[in-house]
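Both ligands and their constituent atoms are indexed starting at 1 by order of listing.
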Amino acid sequence: MTDQRIADLTDALDGPDGLRFVRAPGRVNLIGDHTDYQDGFCLPMAIDRDCLVGLRPTDGGRVRARSLELSGTVDVAADGSDDARSVEPRWGGFVAGAVQTLVARGGRVPGLDLVVSSTVPAGSGLSSSSALSVALTMALGDTAGLELDANDVARAALDAEVRATGVPGGLMDQLASVHGVADHALLIDCRTLAVEPIPLPREVAVLVVHSGVPRTLAGSAYAERRAATERAATRLGIASLRDANLRDVQDDAFARHVVTENARVLAFAAALRDHDVGALGPLLLASHASLRDDFAVSTPELDLLVDAFVAAGALGARLTGAGFGGCVVGLALATKAPRVLDRTVERYRSASGREPSAFVVQAVEGAGRVGP
Ligand code: ADP
Ligand code: MG
């Protein structure tokens, strides 16, 4: 699969001379949403859908990029002088953002021809944007003479993404993409950036269903929620809600979500370590209820989809990512997974009138160089 895609990129770049390739996976977050930007805990995994970048240094000080999935040619200055928010086509903002963030870190980005190709569905909540920004940052960082460790790449990729989109995202997606481990979920402490890979039970499958509703409000509402949690921390006189306890936030639903969600992530991690499969589903459902009732980022469709998962025999399910549309992640016994997925899709389709798309995902290793 990857070989064929590398061959396609090689064709698009007129042959293999001087080419190198970097791959960065998308991610699904199993539990812990809207906690990363408050120094909290989350538990994503890198998935077997990824972005590949092929590139070759050129003369002339321009970074030219194409995508096998999206039209148009991006052409930005290698010195970082282009404004990432005004590059056309729009996805070129990620290229300009990656150049800028590497230049800001002292890198000298050479002229480059590059082509990207991604199997992460865009706009679905599986973080095609971070797969792209991590792949670009790693690939360009390599050519710019920078020695970046995995966390440096994640931070620089987040910076590139914020420059491209203006959305003040947290670091979870990029950390998951760089630190992925096959068959493991990743417990991430967003304060220290410590990452603990924890084996996923073999008998459990991870299922993702897109609600068929795009996350249109996600950018603005995300920023609003984030600001509300920052105000709550300020009111409490603490640096972040990571340091709040439940008593402190009893009367603030947004802050209460962050505090209870952190506790659920730690309980979920403990259940994985203890191989307590029975504990996983209820924690997912409790997380969804908190995102729906306290954090108010669910939608009727996401709620229906979680109900459909449960009725179809899943262990549990929750909205994943920012909310306001996008995906639900569910866990099911592997032996039942195909049936659970079919039934979930069927129930959801007839209850909502929407057209869902479904994925079974595997945990894979994180971003790195591939190919010749
Ligand atoms: P998500 O990260 O949930 O998939 P986003 O809206 O954050 O959704 O990111 C989607 C954006 O990422 C696209 O609009 C585009 O700018 C960029 N992108 C994703 N996949 C590709 C691709 N194959 N080629 C070029 N740009 C892509
Ligand atoms: Mg994204």
Worksheet entry | Lys/Arg N to Asp/Glu carboxylate O, Arg231 vs Asp252, below 4.0 Å |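 Here Arg231 does not pair with Asp252 in a salt bridge, since their nearest N and O are not under 4.0 Å apart.
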
Which of the atoms in ligand 1, numbered in the order shown and given with their element, are less than 4.0 Å from a heavy-atom of [X]?
X      : answer
Ala122 : 4 (O), 19 (C)
Ser128 : 1 (P), 2 (O), 4 (O), 9 (O), 10 (C), 12 (O), 19 (C), 20 (N)
Leu132 : 17 (C), 18 (N), 26 (N), 27 (C)
Ser124 : 3 (O), 4 (O)

Item to complete: Using non-hydrogen atoms of the residue, decide whether Pro121 is closer than 4.0 angstrom to ligand 1.
Response: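 Yes, that is the case, since the closest heavy atom of the residue is under 4.0 Å from the ligand.
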
Worksheet item: Just going by heavy-atom distances, which of Val53, Leu70, Leu136 is nearest to atom 21 (C) of ligand 1?
Response: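 The option holding the nearest heavy atom is Leu70.
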
Item to complete: With heavy atoms under 4.0 Å as the rule, classify the contact between Val116 and ligand 1 as side chain, backbone, both or neither.
Response: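 Answer for Val116: side chain.
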
Practice prompt. Report the part of Ser67 (side chain from C-beta onward, or backbone N, CA, C, O) that has a heavy atom under 4.0 Å from ligand 1; answer both or neither where that applies.
Written response: side chain

Response to the item:
Tightest non-hydrogen contact, residues Ala185 and Leu43, listed as CB-CD2, 3.3 Å

Response to the item:
Of all heavy-atom pairs linking Arg85 and Gly166, the shortest is NH1-CA, 3.5 Å

Worksheet item: What's the verdict on side chain to side chain contact (heavy atoms under 4.5 Å, CB included) for Val249 and Thr260, showing C-alpha distance, side-chain angles and the deciding distance?
Response: CA-CA 10 Å; Val249 296; Thr260 59; over 6 Å; no

Discussion item. Can you confirm, on distance only, whether ligand 1 has an N/O atom lying under 3.5 Å from any N/O atom belonging to Ser129?
Written reply: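 Yes; the residue has a nitrogen or oxygen that sits under 3.5 Å from a nitrogen or oxygen of the ligand.
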
Practice prompt. For ligand 1, find out whether one of its N or O atoms is nearer than 3.5 Å to an N or O atom of Trp91.
Written response: no

Fill in: Non-hydrogen protein atom less than 4.0 angstrom from atom 13 (C) of ligand 1
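No, no protein heavy atom sits under 4.0 Å from atom 13 (C) of ligand 1.
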
Worksheet item: Okay, side chain of Ser287, backbone of Leu283: is any donor-acceptor separation there less than 3.5 Å?
Response: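 Judged by distance alone, no pair lies under 3.5 Å.
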
Worksheet item: Does the Arg369 side chain pair with the main chain of Ala139, one donor and one acceptor, at a distance under 3.5 Å?
Response: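 Absent.
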
Worksheet item: Does any N, O or S atom in Thr165 come within less than 2.8 Å of the Mg ion (ligand 2)?
Response: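 False for Thr165.
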
Item to complete: Let me see the working for Leu207 and Thr344 under side chain to side chain contact (heavy atoms under 4.5 Å, CB included), right down to the final yes or no.
Response: CA-CA 10 Å; Leu207 313 176; Thr344 301; over 6 Å; no

